[in-house]
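A short worksheet on the structure shown next.
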Amino acid sequence: MNTLITNIGELVTNDEQPGREGGLLGIVRDAAVLVEHGVVTWVGPSADAAAQVPASGAEIVDVGGRAVIPGFVDSHTHLVFGGDRAEEFAARMAGRRYEAGGIRSTVAATRAATDDELRARLAGFVAELHAQGTTTFEIKSGYGLSVADEERLVRLAREVTPEVTFLGAHVVPFEFREDPRFDGDPVAAGDAYVEVVVGEMLDACAPHSRWVDAFCERGAFTPAQSRRVLEAGRAAGLGVRVHGNQLGEGEGVRLAVELGAASVDHCTFLSDADVTALASSDTVATLLPGVEFSTRQPYPDARRLIDAGVTVALASDCNPGSSFTSSMPFCIAVAVRDMGMTPAEAVWASTAGGALALRRDDVGALRPGLRGDLAVLDAPSHVHLAYRPGVPLIASTWAGGARVA
Ligand code: NIG
Ligand code: FE
């Protein structure tokens, strides 16, 4: 099926060209986009669109002067899980601190859920993502933490996205932490668990995964343990991503850069050396505003990163503990209000930035040859995504030229 989306008041292409506005956003006014067999084949002025129709036999969709952006690329989520941690959130808002250990309560609920229960929940989240303009999304495992449970989480995630990340190294599971052999020594328990992660668990999960990730943080995995997991994943053919520098300064960023990770995610507490290392690397710094919002932590300083030349992506980190939002417009609004990003930078980071964080060259922009993934805004400009926080501004979402919401 072919679709011509026309009468677009402001088209964000993320394809900077002479004569276009908005720098990296490559804005075209009074524009149209033709999608044939799922792929963008033409972008141009609405006035020239009629000439495209006879050749393509496209269905014409008149969006009445609304703005259109590339579909959001949410490069960091944890959407396969059971249970709910609303009580933990409420306690935190009453003053309790966020700790990585809360993950273990979701592990118990996830292990207790059937495949069909997890699948049904996942389908609900996919609908939620589409309704909010997201067309590409990554999903991590990490709430199974046994060979069988991690395998089923990556397998179920793979049913809804090719961007699946094996995160067996999320936290050390209860059965290792409490094992009397380790006499309460968390590093010894972690070392023993890591042997399982890099052995049987990786063997079971790698066939369903594209990426490996590790949570390199106090309370989760040491830099040495994280390195062991990431190198084993890389040797098994997986791309590397890292959770790092969320709760305090640490070695996550430097490890990610050294291993050639596609992305290091969180980046809330960075030294000058971390920023310099990121700026001279291909590793994207993925910032997750929902986390600092929901854990009441200081926000990462996007301005410092962008000014230093670091490539920044925004993602939701949708998960039941630290950030239970699937809304990229919400992340954009927070990033603009509290992280020093301009609306244009935040929209770019949520689309083209996310694509770079996933090393994808077929999404995140609207130009011939890329997927026909886009969101029509109930607004005249992309700025409204930050200017009208909390307002549902997604009029429709199209993936591969087909309407999905
Ligand atoms: O990205 N940082 C580690 N993992 C998640 C938290 C998950 C949870 O609290 O359940 C995160 O914030
Ligand atoms: Fe995460």
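Atoms within each ligand, like the ligands themselves, are counted from 1 in listed order.
- Separation of atoms NZ (Lys140) and CH2 (Trp211) is listed at 9.5 Å; rounding is to 0.5 Å.
- The atom of His78 that is an N, O or S and sits closest to the Fe ion (ligand 2) is NE2.
- The aromatic rings of His76 and His78 are tilted relative to each other, their planes meeting at an angle between 30° and 60°.
- Residue-level proximity to ligand 1 for Glu217 is absent, since no heavy atom of it falls below 4.0 angstrom.
- For ligand 1, none of its N or O atoms has an N or O atom of Thr106 under 3.5 Å away.
- Nearest residue to atom 5 (C) of ligand 1 from His170, Arg104, Glu88 is His170 (criterion: closest heavy atom).
- With hydrogens and angles disregarded, no donor-acceptor distance shorter than 3.5 Å links the side chain of Thr161 to the backbone of Arg158.
- The atoms of ligand 1 that sit less than 4.0 Å from any heavy atom of His76 are 1 (O).
- Below 4.0 Å from some heavy atom of Tyr143 lie the following atoms of ligand 1, by number and element: 7 (C), 8 (C), 10 (O).
- Restricting Asp317 to its N/O/S atoms, the shortest distance to the Fe ion (ligand 2) is reached by OD1.
- The His266 neighbourhood of ligand 1 comprises atoms 1 (O), 2 (N), 11 (C), 12 (O), with distances under 4.0 Å to a heavy atom of that residue.
- Counting only N and O atoms by type, the side chains of Glu163 and Thr136 include no donor and acceptor under 3.5 Å apart.
- For ligand 1, the atoms closer than 4.0 angstrom to any heavy atom of Tyr98 are 6 (C), 7 (C), 8 (C), 9 (O).
- When atom types are taken as modelled, the side chain of Asn245 and the backbone of Val253 share a donor-acceptor pair closer than 3.5 angstrom.
- Residue contact annotation: Phe81 has no non-hydrogen atom under 4.0 Å from ligand 1.
- A donor-acceptor distance shorter than 3.5 angstrom exists from the side chain of Asp373 to the backbone of Gly400, with no hydrogens or angles considered.
- Here the Fe ion (ligand 2) is the vertex; the NE2 atom in His76 and the NE2 atom in His243 give an angle of 90° (to 10°).
- Between the side chains of His382 and Glu10, a donor-acceptor pair is found at a separation under 3.5 Å.
- For the pair Asp15 and Arg20, the salt-bridge criterion is met [side-chain N within less than 4.0 Å of a carboxylate O].
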